[in-house]
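Notes to accompany the following structure.
Chain A is the first sequence line, chain B the second, and so forth, proteins listed ahead of strands; every chain is numbered from 1.
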Amino acid sequence: MSLPLIRDAVIFASLLTMLSTGLTLTYMTTRVPNFAHGDFATMNVYLNLAIVHLLGLSPYLGVVPSFFFGGAIALTLYLAVLKPLLDKGANYVILMVGTIAYDMILLSLINIVADYLNRAYKILTRLFQLKGFDAELFGQPMIFVVAPLLSLVVILLLYFFLSRTKFGIAMRAAIENPSLAEVIGININLTYAFSWFISGGLAGVAGALLPLYMTCNPDIGVRLLISVFAASVVGGLTNIYGAFLGGLLIGLAETLGTGYLSMMVGPWVVPYRPVIPLSLMFLTLLFAPRGLTGIEWRRMFRRVAQT
Amino acid sequence: MTIPAVFFIDLLTIIGLFAIISMSLNLEFGYAGIPNFGKMLAVAGGAFFVGAIPGRVLMLIFNPGGGVDFVQGNIEAVSMLNQYFSSDPAASIVYLVLSLVGAGLAGAALGYVASYPAIRLRGDYLAITLLAMAEILRVVGDNYSDFIGGSMGVRIPDPFRWVGGEARALAAALTILAVAVLVFLYLELVLRSPLARALRAMRDEELSAEVYGKDVVRLRTKTLIVGCAIAAVGGALYAFLTASVSARDFSRVTHTFWPWVMVIVGGAGNNVGALVGAGIFVTLRKLITFYKSYFEPFVPFDVVWLEYLLLGLALIVVLLHRPEGLVPERPTKTLARRELEEIVERVRSEEPSA
């Protein structure tokens, strides 16, 4: 296995886990597959681009404002669109179309910002990278260390939050049984809103780091969305740790799978890369709709052992 | 032709195309409640069929063993076929009709494939699965270059070439509108049939429909086969309009999300709603594109993006304030108006004696 390939796979899988845990978190609370999730990240790709070029700061410093900006974007979607729709008793289709509408707005804003930065400040805003602004650590690009580390910290913090803090436990209660949680005085709306803020914030962090790893374009969120959905679906859509596992699995399968196949079969397989997450998602939904975490592994092993 | 004439013909053509697609989605979602977020699957499928099959068959007929491959020697092959079709209206029409029928059959086959998850999954899980299926077809079409030329796309023989010159656009528009009218009439008939009542029963309360003996699996399969066939004809018509097929022309935004927006804005569950939705959406887009040169000097970005912004905002406003759409669903009248009035008369006259 070549080092660049492993590096690519590790960075991609780490960024994907941050996106898929967020997507799963909002699906658990609000029960809507959020089609705008990819563009939560893209908004912050451009925020970080502006921070690096206009303020001259390190791209790693941009992670902090990106977290809050991404959170604010997601919170707006919940408070301005989804909450009013939920109050009117909208079904999941109306909610999905609501996220699509919000995504159209985000996509247009992203392109407007990209055009503006390009015309007013002569910054390259299409098909650009920020790899040149990355530092080196142990002879490797720093993102190779930062991305997996951050991804681990995020999932540990989420674990700590959901199992050790009062608010986190309240959130789990609100997810499990909203009406019962309301009866014992949990503010469901607040917990849901907070889940959207966290979700957008994590997408923002992933978005800020993306240009350090790959070539970015205004449509990068739309393209990444497939992998993010695949990761969440493989993880079972109702389990944060499943989403983390799914992110790792899809990220590694996509990068290593494409890398290996292109070495074995030929480089013509590279453009078929999206087929890997798509088919994994397709197969999971058809044969194990509750994902990796929904399978009763112990029972399955027992059955396999018997035969 | 004058500029307004060109504008209107273009406008009506695109409205016709999207009307066909959104009416098919209305059958699937509005009548039957199947969340087909893979609408692009059938639309692209129909276009891909037209790009891949008729041209090859024609080359076998007109140039057997001529050594010109339809995709490899695409320009040569198409100009040869075009030369033939430009002088033979009858052959052009046969080619057009047979290709549309073939595209419809291809769409029906895709609908059958799509029914595999649709009878096993429900709700958002089904929506995501169908979305994934559509994306897989697009990725294959975009990369497998022997199929429809990969990212380069293919040109296809033009069935409207014999009309010639400026009248070509008019001929294409009339064809598309004629198909749209046929689809509308067909779906209106379906809407008044027992089948539609069974579909609505299934949509509103699947378990009850099953209790009353409705075969839900069969109904869902049937709906997807018909819906996808109609959408595929729409995709094929788009290919004939541009006389080319490219996987790059299809994306989940333009051919899945936009039809959804049209159906939701217009009002799900009735065909007029789908038509109104398609009309408003396409007209708004066209007007913004038409007048964008006026805004261009005042804003530091491409005006196309304002279009997305306005459409997104308009959609959210409709969702919040008129979730049933501009034309809400009404109970269908299964008897003629006169018969209904007679019944009302009779009941009224019997009331006092009872």
Side-chain angles (χ1 to χ4, degrees), chain A residues 27 31-33 35 80-81 84-85 88-98 100-120 218-219 222 225-226 229-230 232-233 237 268-275 277-282 284-287 289, chain B residues 29 33 35 37 116-117 120-140 142-145 150-151 251-253 256-258 260-261 263-265 268 299-321 323-324:
Chain A
Y27 183 82
R31 294 274 150 185
V32 53
F35 284 101
V81 182
L85 286 176
K88 293 190 172 188
N91 62 2
Y92 71 97
V93 166
I94 299 290
L95 293 177
M96 272 163 90
V97 174
I100 288 172
Y102 193 68
D103 191 48
M104 281 165 83
I105 296 175
L106 288 185
L107 197 64
S108 77
L109 289 177
I110 289 161
N111 278 288
I112 286 172
V113 168
D115 279 1
Y116 178 72
L117 285 176
N118 184 253
R119 290 185 198 177
D219 69 348
V222 179
L225 193 66
I226 288 291
F229 262 90
S232 289
V233 164
L237 265 177
W268 61 268
V269 295
V270 174
Y272 288 97
R273 177 173 164 157
V275 173
L278 283 169
S279 38
L280 283 175
M281 167 158 71
F282 183 72
T284 308
L285 282 169
L286 270 185
F287 299 111
Chain B
F29 171 68
F37 272 79
Y116 185 81
R120 288 165 175 80
L121 297 169
R122 292 293 178 272
D124 37 14
Y125 281 72
L126 174 59
I128 300 172
T129 312
L130 291 173
L131 188 98
M133 285 175 74
E135 289 290 317
I136 290 177
L137 182 69
R138 195 188 59 82
V139 172
V140 171
D142 195 14
N143 293 298
Y144 183 44
S145 54
S151 53
S251 76
R252 65 171 177 267
V253 174
T256 297
F257 294 169
W258 286 0
W260 268 98
V261 171
V263 169
I264 297 284
V265 168
V299 286
F301 51 81
D302 200 332
V303 186
V304 183
W305 307 117
L306 273 186
E307 173 190 321
Y308 274 70
L309 193 68
L310 288 176
L311 290 173
L313 285 174
L315 180 55
I316 288 177
V317 169
V318 171
L319 285 178
L320 284 177
H321 298 289
E324 72 277 20

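Defined by atom type and a distance below 3.5 Å, a donor-acceptor pair is missing between the side-chain atoms of B:Y308 and A:N111.
When heavy atoms are compared at a cutoff of 4.5 Å, A:F229 approaches chain B solely by way of its side chain, counted from C-beta outward. When heavy atoms are compared at a cutoff of 4.5 Å, B:L319 approaches chain A by way of both its backbone and its side chain. Using a 4.5 Å cut-off between heavy atoms, A:R31 contacts chain B through its backbone alone, with no side-chain atom that close. Only the side chain of B:L131 comes within contact range of chain A, with heavy atoms under 4.5 Å apart. With a 4.5 angstrom heavy-atom cutoff, A:Y92 touches chain B only via side-chain atoms. Contacts of A:I94 with chain B are made by both backbone and side-chain atoms, with heavy-atom separations under 4.5 Å. Contacts of A:P289 with chain B are made by both backbone and side-chain atoms, with heavy-atom separations under 4.5 Å. Both the backbone and the side chain of B:L309 come within less than 4.5 Å of a heavy atom of chain A.
Comparing A:I226, A:N91, A:L107 by how many heavy-atom pairs each has under 4.5 Å with chain B, the most go to A:I226. Residue with the most contacts toward chain A among B:N143, B:L121, B:L315: B:N143 (heavy-atom pairs, distance under 4.5 Å). Counting heavy-atom pairs closer than 4.5 Å to chain B, the top-ranked of the candidates A:S279, A:P277, A:A120, A:P33 is A:P33. Note on A:V81, A:V93, A:V32, A:L237: by heavy-atom pairs under 4.5 Å with chain B, the leading option is A:V93.
Residues B:G123 and B:P35 come closest through the heavy atom pair O-CG, 3.6 Å.
Side-chain contact check for B:I128 versus B:F37: every heavy-atom pair is 4.5 Å or farther apart.
With a 6.0 Å cutoff to the six-membered ring centre and a 45° limit on the axis angle, B:R122 does not count as a cation-pi contact of B:Y125.
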(request) Mind running side chain to side chain contact (heavy atoms under 4.5 Å, CB included) on B:T129 and B:Y116 for me, showing each step along the way? (result) CA-CA 10 Å; B:T129 312; B:Y116 185 81; over 6 Å; no
